[in-house]
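Bear in mind that the values here come from a model prediction, so they are computed numbers and not experimental data. A, B, ... follow the sequence lines: proteins, then strands. Residue 1 opens every chain.
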There are 2 protein chains.
Amino acid sequence: MRERLIESTRELLWERGYVGTSPKAIQQRSGAGQGSMYHHFRGKPDLALAAIERSAAELCERAEQELSGPGGPLERVTAYLRRERAALRGCPVGRLTQDPDVMADPALRRPVEDAFARTRARLAGVLTEAQAAGELRAGLDPAATAAALIAALQGAYVLALAAGDAGVYRQAVEGALGLLT
Amino acid sequence: MRERLIESTRELLWERGYVGTSPKAIQQRSGAGQGSMYHHFRGKPDLALAAIERSAAELCERAEQELSGPGGPLERVTAYLRRERAALRGCPVGRLTQDPDVMADPALRRPVEDAFARTRARLAGVLTEAQAAGELRAGLDPAATAAALIAALQGAYVLALAAGDAGVYRQAVEGALGLLT
DNA sequence: GTCTATACTCCGATAGAC
DNA sequence: GTCTATCGGAGTATAGAC
């Protein structure tokens, strides 16, 4: 049951954010009762913490898969950027950033902060490799470029959601790749 | 009073989103009473519509100022990207995109959709000018590049919020400019 | 571990007096 | 135009039985 509660909370945080997710909704989706939920977790923030930590870890792992995968540095960056993502669902971690109650709680906020900091650093590292391999213009600042690329991904979700069209996500990603190569 | 209600709602939508903004909070911030609010507006969605339309219009106008301002095409794009923004407050329009209740209501959603569609188109136009002037690589797709740049801005807010540091916003913007020029 | 009962507050709105 | 009263439901939890 503990597991079902965490997964249901992850889904709801993704779909509706922290303020928009009520204990009752979590119970209904997971099939757990009131008592069960408060037995496993102290309350909504505690449950949210478990859910957020898992989502943040997943974000890092998936980035790591592509950025440490096979192929040359620029190829790996391209694979990372082009990965299939559910554009119209938004980013499960990036979304939390817009939630004042999450950002106001240091415990809830830390996993989000760490996930982006680590991914930015990892991407910057691969960009540095790309420069060393002569695949990328030497004049570019790897850290700033990494920030710009990850920002483009996060913003691509925003534009796709605004347009109600996943094609806009892909367009933005291809635009970023066009600038990079 | 009508005016104060709209402005208070704009602020609250910006800070806390649609789900996180209650009629009571609007009344307290604006100084209006229950009766006053429901006299001027039919309810929360009606008031939110007025607030969202104004914020969306403002987004377009400010973009227009820079993109139609003085200077060469690439210079105008740079001015647009580099404009001083309250990074840690997020984008008042982009934020709404993460709000399922806003996106589910066609009336509330339209201003958001239009604002981004128009800004993307306008920026693509200036990028085309830049290509014509030889200031920008001819191989780039203006529409995709415009989407990528606006996405980078929107995502820069996300990264800055995650890091709790406005410097990250500027870093991402400079990274995008580095790729562009 | 899970269930039911209970509590208190806030949400979003309506009604009618002034 | 604004105020107060009132309302049914949802949010977030605690207590105690099973």
> Would you call Arg10(A)-Glu7(A) a salt bridge at under 4.0 Å N-O?
Replying inline: yes
> At how many degrees, to 10°, do the end axes of the helix from dG1(C)-dC18(D) to dC18(C)-dG1(D) meet when each uses five pairs?
Replying inline: 0°
>> Are Leu88(B) and Val173(B) connected into the same hydrophobic cluster when the rule is that any two of I, L, V, M, F, W, Y join if their side-chain heavy atoms are below 4.5 Å apart?
In response: no
>> If hydrophobic clusters are built by linking Ile, Leu, Val, Met, Phe, Trp and Tyr wherever their side-chain heavy atoms come under 4.5 Å apart, do Leu12(B) and Ile52(B) end up in the same one?
In response: no
> Among Val77(A), Leu136(A), Leu74(A), which one satisfies side chain to side chain contact (heavy atoms under 4.5 Å, CB included) with Thr181(A)?
Replying inline: Leu74(A)
> side-chain hydrogen bond (donor to acceptor under 3.5 Å, both in side chains) between Ser68(A) and Arg122(A): does it pass, once the steps are laid out?
Replying inline: CA-CA 9 Å; Ser68(A) 300; Arg122(A) 185 71 186 93; 2.9 Å; yes
Sequence-distant partners of [X], side chain to side chain donor-acceptor pair (under 3.5 Å), two or more places apart:
| X | value |
| --- | --- |
| Gln65(A) | none |
| Gln34(A) | Gln27(A) |
| Arg16(A) | Asp101(B) |

Once you round it to whole Å, what is the distance between [atom2] of [N] and [atom1] of [X]?
| X | N | atom1 | atom2 | value |
| --- | --- | --- | --- | --- |
| Arg42(A) | dT12(D) | CZ | P | 17 Å |
| Gln27(B) | dG12(C) | CD | P | 10 Å |
| Met37(B) | dT4(D) | CE | P | 16 Å |

Show the distances under 3.5 angstrom between N or O atoms of the protein and N or O atoms of nucleotides 1-4 of chain C.
| from | atom 1 | to | atom 2 | distance (Å) |
| --- | --- | --- | --- | --- |
| dT2(C) | OP2 | Ser36(A) | OG | 2.9 |
| dT2(C) | OP2 | His40(A) | NE2 | 2.9 |
| dC3(C) | OP2 | Gly33(A) | N | 3.2 |

> Is Leu161(A) isolated, or which residues cluster with it under the ILVMFWY side-chain rule of less than 4.5 Å, directly or via members?
Replying inline: none
DNA chain C-proximal residues of [range], any heavy atom under 4.0 Å:
| range | value |
| --- | --- |
| residues 45-52 of chain B | Pro45(B) |
| residues 9-24 of chain B | Thr21(B), Ser22(B), Pro23(B), Lys24(B) |
| residues 99-110 of chain B | none |

>> Are more than 12 heavy atoms, taken from residues, nucleotides or ligands other than Arg118(A), located less than 6.0 Å from that residue's CZ atom?
In response: no
> Which side-chain hydrogen bond (donor to acceptor under 3.5 Å, both in side chains) pairs, counting each pair once, include a residue from residues 82-98 of chain A, with sequence neighbours left out?
Replying inline: Glu66(A)-Arg83(A), Arg82(A)-Glu174(A), Arg85(A)-Tyr169(A)
> So which pairs with a foot in residues 134-153 of chain A pass side-chain hydrogen bond (donor to acceptor under 3.5 Å, both in side chains), sequence neighbours left out?
Replying inline: none
Donor-acceptor contacts under 3.5 Å from residues 42-49 of chain B side chains, at least two apart:
| from | atom 1 | to | atom 2 | distance (Å) |
| --- | --- | --- | --- | --- |
| Lys44(B) | NZ | Tyr18(B) | O | 2.9 |
| Lys44(B) | NZ | Thr21(B) | O | 2.8 |
| Asp46(B) | OD2 | Arg42(B) | N | 3.0 |

> So, Arg29(A) and Thr9(A): side-chain donor and acceptor under 3.5 Å apart, yes or no?
Replying inline: no
> Looking at side-chain heavy atoms only, is the closest gap between Ile150(B) and Tyr80(B) below 4.5 Å?
Replying inline: yes
